[in-house]
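The structure under discussion appears below in the form of structure tokens.
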Amino acid sequence: MDVTLTREQTEIVRQVRRFLDNESPMKYVRAMFDDQRGFSDRLWAGIAEMGWTAMRLPEEFSGLNMPFVDLCLVLEEMGRALLPGPFFSTVLLAADALVQAGTPAQKAKYLPGIAEGKIRGTLALYEPDSGADPGYVRMAAEFNGNEFVLSGTKLFVPDVQCANFIVVAARTAPACDSTKAISLFCVDLPDERVSIAPLRTMDGTRKLFAVEFRDVRVGEESVLGQLHEGWSSLRPVLQRAQVGICADSVGAAQKSMEMAADYAKIRIQFDQPIGAYQAVKHRCAQMFEAVESARSLMYWAAWAQDEADPQEAALAASSAKSYCCEVGTSVSTSAIQVLGATGFSWEHDIHLFLKRAKANEMVLGDPVYHREQVALILAG
């Protein structure tokens, strides 16, 4: 695997950084942190115009059909800028699920609108007694006549406040195997039988909600993929989303390291910059090593999702998720230590990066879960 960026990929990074520097500065991020909607229509329209919402979609549905590595370059820059909004939930969860398992009619209904920035979606997976394992999916979808009735509560659903549809994972039959009898449904919003409640979270750049389904009725045409086989469709989607979170963490860690290094060069203590002292400069060197290691692992995982066999793709995704997100937390924590009292003030941006890093650790399985997955894959 060659991890050297091509000329086209280097240009992607340059354009993304320039756009986010201009359109999503930290002043905007702070404003969205406490905003109930969490993003502006103007910025979302700009993101769609740049083509980012269409990067992974098939060409026949107004997409660009680009490699997953290219999308991860964009996500890395988004992490560096702490971009708020529904990009992750729409592109890496809802849209990818449609690409993976949708019928031609379902794809035609949603994907062109997603590519153009006119439609947003999300995924409802976790439940009150939930974890990353599929065995925790217990919400029932009962077949009644010619339609399914969905009842239950989903937690930690991202960006549903602005979504036009939800991909919902529910059980359609009892099964001894926890990965069986899970089906996926597309539920259009708004729906009076679907109610949402915001959840208070550490990271205000992503909005999470509790979603209650009260006898929501959907037809058989709303089933995404094969009935009872939803987990086999969802698993590769979640793997790619995990790698996307890794890219976000690497970008945020890179920016945290840069802020710490810049401060170490200008903060004078005992007549010299603090970066001249071994304790500080070695800490900065350790941050650099950690970020570069995480980036290499993330690039392998991103490449593997398109190019490797399913086992290597799963191994790479869990390896990256367990390591990159921990690096994000450790680097942002080290950056705060280098910044000292300055880093603990609300006025400095570094604490926002720590909050994003801690949230990324928990999204789609924490490091403990993914290390267990790595062990299971290696054990055969």
Hey, are the side chains of Leu82 and Lys255 touching, using non-hydrogen atoms and a 4.5 Å cut-off?
-> no
Side chains of Gln272 and Tyr277: is there a donor and an acceptor less than 3.5 Å apart?
-> yes
Cys72 and Met298 have their tightest heavy-atom pair at CB-SD, 4.1 Å
Ignoring hydrogens and angles, state whether a donor on the side chain of Tyr110 or Asp188 is under 3.5 Å from an acceptor on the partner side chain.
-> yes
Phe185 pairs by ring pair (Phe, Tyr, Trp, His ring centres under 6.0 Å) with which of Phe148, Phe213, Phe143, Phe165?
-> Phe148
Pair Asp203-Thr205, side-chain donor/acceptor within less than 3.5 Å = yes
May I ask you to decide if the ring planes of Trp346 and Phe33 are parallel, tilted or perpendicular, using 30° and 60° as cut-offs?
-> perpendicular
Salt-bridge criterion met for Arg30 and Asp349 (N-O under 4.0 Å) | yes
Which of Arg17, Arg14, Gln15 passes side chain to side chain donor-acceptor pair (under 3.5 Å) with Glu77? It is Arg17
Trp303 versus Glu312, side-chain donor and acceptor atoms under 3.5 Å = no
Could you tell me whether Glu212 and Lys154 make a salt bridge, using a distance below 4.0 angstrom between a side-chain N and a carboxylate O?
-> no
Ser222 and Gln106 have their tightest heavy-atom pair at C-NE2, 3.7 Å
Taking 4.0 angstrom as the limit, do Arg240 and Asp96 come out as a salt bridge?
-> yes
Given the rule in the side-chain contact (heavy atoms from CB on, under 4.5 Å) test, do Ser89 and Leu123 qualify, once you have shown the distances and angles that lead to the verdict?
-> CA-CA 7 Å; Ser89 56; Leu123 172 68; over 6 Å; no
If we only count heavy atoms from C-beta on, is the Asp248 to Arg356 side-chain gap below 4.5 Å?
-> yes
Take Met362 and Met202, measure what side-chain contact (heavy atoms from CB on, under 4.5 Å) needs, and give me the verdict at the end.
-> CA-CA 11 Å; Met362 303 307 297; Met202 176 186 294; over 6 Å; no
